[in-house]
Each structure stands twice: as C-alpha cells, then as structure tokens.
Amino acid sequence: MNRSLILALVIIAAAMALLVYNDSAGSTFGFQNYDFGNLVWLGIIGAVIAAGLFRSGQPLGSMARNLGTWAVIILALIAGYQYRYELQDIGNRVTAGLIPGSPLALGMEDGRATVTLDKGNNGHFQARILINGKPVDAVVDTGATTTVLTAEDARAAGIDPDGLNYTVRVSTANGNANTAAVRTKELALGGIVRRDMPVLIAAPGTLGQSLLGMNFIGSLSGFDMRGDRMILRD
C-alpha cells in the first residue's frame, strides 16, 4: 500500500480517536471539535494535493501556479459555503423575475420557515405553490375562505376533475361557481408545508385562476404586507 495513503489513514484514525476522547470536553488542542475536524480534513486535502504536485516532477514555477489555482478554488468553495444563504437569495430573486409567483426569498425565523412573495403586474400577490408535488400558479386571496383550484390545475396535480360532484356553491371575483371538496396529500409554498389540507375544485370553465385561500394562510403563525412584498411565516 502507498505510504502516503497509510499516513493519511493513520492521521484520520488519530483525529477520530482524539475527537471521540474529547467529545465531552468540546475542544481539542484549543480548537472546538467541529473546527478541529475541519482543520484535519483541510490539512489532509492540502497534503494530498501537494504530494501529487511534487511527484509530478513539474518545475517549481509551474508547481507554484498550480498551487495558486487550487488555493483560489478552495477559497471560492469556502466563500460559497459561507455566503450560501445570500447566494440562494440572489437566485430566488432572479427566479422570481423570470417565473411569476416564485418566492422572492426563503428564510428562517426562530426555526420556522418564511416565504417572501412579490406583487405581480396584475396588482395581486402571486404564489407558485406545490399541490401533491406539482407546481400550480395561484393568487393569494385573503377574501377566499378556502383554497380553490381550477379544473386544469387540479388535473395537473393528479386530481381527476371529471369524477367529482360539484355541489359546493362559492362566490369568486368572477361570480358564483360550483365546486367540489377534496383533500390534498400535500400543499407547499417554499418551506411551508401542509398535509391533508382541504381544497375546492372549481367546475371546468368557471374559474380562470387558482386561489390560495385563508385555510392555508390562517394556518400560519403570521403574515404581513410591506409595500409590494408579502411575508408569510410558518
């Protein structure tokens, strides 16, 4: 077996033994155990890269350039990890601009998921929700008692609108409509997930846009509107 590999395995085994031994103390050689473990891994990776470069027989100048390239890559990965939430926020903003109803931002407050929505060009807050794992574009309607899906959106979510009895009469912005009551396996908006939630399915041709109603919004710990943004809190 290669000596370098044996040495790396010995270092890993020794580091694991130290971490187990110092688990209750919480630190090793003055480092927090988590930081010590990361230091060991970074050291091993650096040693492997350096050993590979030295064994390649390259001139020192070329070797230095290669080491510099690896250092930049490693620093970029570390920076990407440290700023992962900021990068995710940028990605969400780009997606919200390209796909109406996509969350403008996803976050956490006191361990609970939050979702920030942007007001659409029609003046309504739009939400791209998942019904049984399938995307559905809906308008947030605080005047609607229950979430209502169009027949087309229901079909896309795996619900057969042709086999339903439309006996529930509701009032919508487009007038009265007959609907059928069903229960979804899952209704999700970003990190906010509700299971076995009742929704209404509008009879075919009677509703032009699905509505995210108060049965979902009322299940939240809170929501507020700030200008053109709505923040929902699980």
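Since we're looking at a predicted model, the values are computed, not measured.
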Drop me the distance from [X]'s [atom1] to [Y]'s [atom2], to the nearest 0.5 angstrom.
{"X": "T116", "Y": "R233", "atom1": "OG1", "atom2": "CZ", "value": "8.0 Å"}
{"X": "L164", "Y": "I159", "atom1": "CG", "atom2": "CD1", "value": "8.0 Å"}
{"X": "L149", "Y": "I131", "atom1": "CG", "atom2": "CD1", "value": "5.0 Å"}
{"X": "I231", "Y": "T114", "atom1": "CD1", "atom2": "OG1", "value": "7.5 Å"}
{"X": "E152", "Y": "L207", "atom1": "CD", "atom2": "CG", "value": "9.0 Å"}

Applying side-chain contact (heavy atoms from CB on, under 4.5 Å), can you list everything that pairs with T142, at least two apart in sequence or on another chain?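 T142 satisfies side-chain contact (heavy atoms from CB on, under 4.5 Å) with M214, I217, F223 once adjacent residues are dropped.
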Any sub-3.5 Å donor-acceptor pair from [X]'s side-chain atoms to [Y]'s backbone N or O?
{"X": "S221", "Y": "D234", "value": "yes"}
{"X": "D141", "Y": "G213", "value": "no"}
{"X": "N215", "Y": "M197", "value": "no"}
{"X": "T206", "Y": "A177", "value": "no"}
{"X": "Y166", "Y": "P161", "value": "yes"}

Shortest non-hydrogen contact between [X] and [Y], atoms and distance:
{"X": "L212", "Y": "A138", "answer": "N-CB, 4.0 Å"}
{"X": "G191", "Y": "V115", "answer": "N-CG2, 4.2 Å"}
{"X": "T150", "Y": "I201", "answer": "O-CG2, 4.4 Å"}
{"X": "A180", "Y": "N165", "answer": "CB-O, 3.2 Å"}

Other residues, nucleotides and ligands only: do more than 12 of their heavy atoms fall within 6.0 Å of CG on D162?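 Above 12, so yes.
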Check V148, L187, L211 against V199 for a side chain to side chain contact (heavy atoms under 4.5 Å, CB included) and give me the one that passes.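 One option only clears the test, and that one is L187.
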So if I apply the side chain to side chain contact (heavy atoms under 4.5 Å, CB included) rule between R128 and each of D137, V136, L189, which one comes out positive?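 Considering D137, V136, L189, a side chain to side chain contact (heavy atoms under 4.5 Å, CB included) with R128 is found only for D137.
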Which pairs count as salt bridge (charged side-chain N to carboxylate O under 4.0 Å, His left out) when at least one residue sits in residues 195-205, sequence neighbours excluded?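 Salt bridge (charged side-chain N to carboxylate O under 4.0 Å, His left out) check on residues 195-205 returns R183-D196, E186-R195.
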Please, which pairs that meet salt bridge (charged side-chain N to carboxylate O under 4.0 Å, His left out) have at least one residue in residues 207-217, sequence neighbours excluded?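 Pairs touching residues 207-217 that pass the test: none.
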Do S219 and R194 get their side chains close enough for a donor-acceptor pair, meaning under 3.5 Å?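 Yes, because at least one side-chain N or O of S219 sits under 3.5 Å from a partner of the opposite role on R194.
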Looking only at side-chain N and O atoms, does D153 offer a donor or acceptor that is under 3.5 Å from a partner on S210?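 There is such a pair (donor and acceptor under 3.5 Å, judged by atom type) between the side chains of S210 and D153.
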Quick one, [X] and [Y] - any side-chain contact, counting heavy atoms below 4.5 Å?
{"X": "F216", "Y": "T146", "result": "no"}
{"X": "L232", "Y": "I192", "result": "yes"}
{"X": "L117", "Y": "Q126", "result": "no"}

Just do the side chain to side chain contact (heavy atoms under 4.5 Å, CB included) check on V140 and M230 with the steps written out, would you? CA-CA 10 Å; V140 179; M230 173 183 282; 3.8 Å; yes
